[in-house]
Amino acid sequence: MALDKFFKKAKEPDKQEVQEETNITKKIEVEQAFAQKDREVLTEVIENKEPIAPDISFEGIILDVGYDGTQAKAYILLYNKATKQLQKWYDTTGHLPYLLSDLSETEIKTQYSGVMTHNGFAEMKSIKKFDLLRDKPIAMTKVIAKDPLSIGGRQNSIRNLLENHSWEDYIRYHKCYAYDNQIVIGMPYQVTNGRLNPIHPEISEVIKSQISHLFEGEKEEYLLTLEQYLEYFFSPIPDIRRVAFDIEVFSPPNKIPDAEKAEERITCISFAGTDGLKKVLVLKREDVELGAQIPDFDGEFKIIANERELLLETFRILEGYPIIISFNGDNFDLKYIYNRAVKHLGFQKDQIPLYMTISPQSEVGHFKNSIHLDLYKFFHNRAIMVSAFRNIYKDVSLDTVAQTFLDSSKIILEKPISELTLNELAYYCLRDSEITLKLTTFNENLIMDLMILLMRITRLSLEDMTRQGVSTWLQNLFYAEHRARAFLIPNPDYIRKVKGQASTTAMIKGKKYKGAIVVKPQPGIHFNVVVLDFASLYPSIIKTWNLSYETVNCNHAECQKNRIPETPHWVCTKKVGIMALIIGLLRDLRVKYFKNMAKDKTISNAEKNMYNIITQSLKIIINASYGVFGSEAFPLFCLPVAEATTAIGRYAITQTQKKCEEIGVEVIYGDTDSVFLKSPTQEQIQELIDWSENELQIELDIDKVYRYLALSERKKNYLGVYKDGNVDIKGLTGKKRHMPPFIQNAFYEMVDELKKVNALEDFEDAKRQIRNKLKGCIKKLEKNLYSVDELAFQMTLSKDLDKYVKSIPQHVRAAQLLETKLHKKVDSGDIIQFVKTKGGDGVLPIELAKPSDVSIKKYKQQLESTFEQVLDAIGIPIEELYGVKTRKLDAFI
DNA sequence: GCGGACTGCTTACCT
DNA sequence: ACAGGTAAGCAGTCCGCG
């Protein structure tokens, strides 16, 4: 262990007595969580047999773990930096699939004799596990099978025979293998004499001492886990050789290619590789001109006589690349190539380097000898969109994502793809491959490095991590941590049975428990507003209050006095919760170390980049951690944990409000984890920050400072102007994506006027300017001078058209017209553009609308309500606005 | 048969 | 398939109105 020395001192913690502490605002002290004897159980689970495989020797980072049915062995795919190839290593330990039973060997033999006579049965072993829910060791029988399907997946699998005496049987074998051998995907390993060994990173003395200083006083279990996670962040990440590709398919106008049937020809395939490859294969078509060469085109251009050759050449090019990247290849390119080859071009399945697997929805394509990275899937992940990139891309098309990250603008096609010359088609197609590749290479491989870090933290393969949501990420992370400690992995029913349901009632009908508090805003203009917020509130609560599925409502009578405010729940002070430990650790690493390091001015740009990516990866995991506890999709979900978290959050913000009142600071607004303070003094701010640290054990920071803030009576709605003149707009209608552009523009022009305001007296001028702007807008509207595009609302269709049965909203009506009148196919996820009209259905899709169709009255109303949100806050007298309803605006102007 | 009060649905946003 | 809370607009329903 490379870090043994580093933590030598820390590993001998003072034995602290559990404090008899009833004050709920005090940090919950816990006894050292996992005694050494608990850990020893582990060695019985992980047994390394003698290596049976011979002399291969190399180094690489692990990208995938799988199971090979033909060899009946687990395998690992490593990227070998030296050869730039993927290498497969087959298990040499003789590890076999198994499940656990709470029955003894004898009980199984006598009561479930079918297990012993099962074809796939290998052997049984008595082992010990630790049951966190009951807080005690339990004797279990490990039932080992010769192959995964004998454990589960068939009608007569062993788990079916054992009925409800079977545990951990639902874990896919390759994952079970990775957990047992504590394999961390994304980390460097060495294969020597057939054995697989981790390569531990070198961590400099400076860093070691910085970190050990920061984490002084933490418990042994915490430090051991810290040691493990630090390796994830300090192990080097190689630049992996990879290629992006994209296909174009002939499609008659208004027809979307069907990847299932693959009826039309593949006309073009392009490639862009990290080795500099830029190549386009174009199908020769008698009816299509070659056209003039495109000056910008700098790839290799090759015309291929027939489709069969085109695919063969494609397979030759792709072969040998460790990673093949696509944008939406899962849903389209791979499927299309496979089906085209098999159904129309007479390929045998073994002549294609692809295979299909059946997922619940449809068939998914895989490369046989490479890893397929579908960037669409990754960028589509909500945690990635929201936490990592703060919603900076609004939809997940290649063009939008590329525009956001690469500044590359879309090639606007002047004619349909079906009418492009071969040269034009090649240019267009290659560009897509190039930007797809570039999405993984820009900023020194930022995205690729982020992915590798996420793989290490979640222990998921590249293919899994990029395709699964955060509930799977955290599931895998926690399952691995359970196995590493020989904790029994509880199934959802077991947790529910022991812990029960939620006890609070949500504000929103249909939700499972109560969430956060939003403080009622004080309407008006407020100068010098300071916003304080709790640094990652929920993760902090989870750590400080030791929240985990086993610690909330634990089975110790002594713990029942540690009440969680506003709930009937209590929390354990005897053991560290596994989730509190891991989430707390990741949070601390981010806040106490990496975030500061990223700001360090003395380090190189490359280091800074790396620290930033680490901070990002941690943020994604931490932000998602609370949410999964409340979601049935997460197998360790536990509603008492989720509602305890929000209850403590409510407690924290209300206590803060009280404290503010006590010291004479006015709280004019607040949401979940923030308080907006009206011109507080430096001393008052400092007092609050110190108070929070001492009383709540949660860091309270200055988040932002406004020159002034405009509040209406609406929650989650405000406009603030920072000291530097930049504006911060939240929730206002004018900002919303679905609003017609002419309203958005008018709104931002108003905002520009408000930016200029420095003091109360400046408002008069701003008001005048705004009035003029508004007048102009109305005139233009009345004269029908806005184009249909400027007037269009753009609403997302969140489900397929036929799924709207309870009511038919306007955008759905517009979409229906698109289908019936224009025979245009619309799908879930499409954005429908429509205008509001005088007659008919009251709505028309822009494809069918003329400016004269629109209802001026409705647009005036819309403009009015959009402006009203800001105007009533900046002191337009209430009478002016609340005269006769339809004349609100006239009164103002 | 029409409009107001109401509830529920849908979308977009905030934390 | 990570959570709950809020705003806004419209759809649909019920009720009262001679």
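FYI, side chains are in, hydrogens and waters are out, and symmetry mates aren't considered; it's all heavy atoms of this structure. Lettering follows sequence order; numbering is per chain, from 1.
- Backbone-only engagement by Ala506(A) is indicated by non-hydrogen atom pairs under 4.0 Å involving sugar-phosphate atoms exclusively.
- Residue-level contact check: Thr796(A) touches the backbone only, with heavy atoms under 4.0 Å from sugar-phosphate atoms and none from bases.
- The side chain of Lys735(A) places an N or O atom within less than 4.0 Å of a non-bridging phosphate oxygen (OP1 or OP2) of dC14(B).
- Tyr513(A) comes within 4.0 angstrom of sugar-phosphate atoms only, judged by non-hydrogen atoms across all strands, and of no base.
- Looking at heavy-atom distances under 4.0 Å, Lys803(A) makes no contact with the nucleic acid at all.
- Among the atoms of the strands shown, only primed sugar atoms or phosphate atoms (P, OP1, OP2) are found under 4.0 Å from some heavy atom of Lys836(A).
- Comparing Lys736(A) and Lys509(A) by the nucleotide of DNA chain B that holds the closest heavy atom to each, the one mapping nearer the 5' end is Lys509(A).
- Ring geometry, Tyr859(A) versus Phe742(A): the interplanar angle falls from 30° to 60°, so the pair is classed tilted.
- At a threshold of 4.0 angstrom between heavy atoms, the contacts of Glu632(A) with the nucleic acid are absent.
- Among the nucleotides dT11(B), dA1(C), dT15(B), the one closest to any side-chain atom of Met795(A) is dT11(B).
- As judged by a 4.0 angstrom heavy-atom cut-off over every strand, Thr645(A) is placed among residues making no nucleic acid contact.
- Distances shorter than 4.0 Å separate some side-chain N or O of Ser471(A) from OP1 or OP2 on dC2(C).
- Interface residues of residues 715-722 of chain A facing DNA chain C, ordered by number: Lys715(A), Lys716(A), Asn717(A); criterion, heavy-atom separation under 4.0 Å.
- Here Tyr718(A) and Phe676(A) bring their ring centres to under 6.0 angstrom of each other.
- The side chain of Met507(A) approaches dT6(C) more closely than any other nucleotide in the set dC2(C), dG12(C), dT6(C).
- With respect to Asp330(A) and Lys377(A), a salt bridge is recorded, a charged nitrogen being found less than 4.0 Å from a carboxylate O.
- A donor-acceptor contact closer than 3.5 angstrom is absent between the side chains of His811(A) and Gln833(A).
- A donor atom on one side chain and an acceptor atom on the other are found under 3.5 Å apart for Ser397(A) and Thr400(A).
- Among the heavy atoms of the strands, none lies under 4.0 Å from Leu537(A).
- Across all strands, Gly627(A) comes closer than 4.0 Å to base atoms (heavy-atom distances).
- Residue contacts for Ser798(A): at a heavy-atom cut-off of 4.0 Å it reaches the sugar-phosphate backbone alone, with no base atom in range.
- Tyr538(A) comes within contact range of no nucleotide atom at all, as no heavy-atom separation falls under 4.0 Å.
- Closest contact between the side chain of Pro809(A) and the listed nucleotides dA12(B), dT10(B), dT15(B) involves dT10(B).
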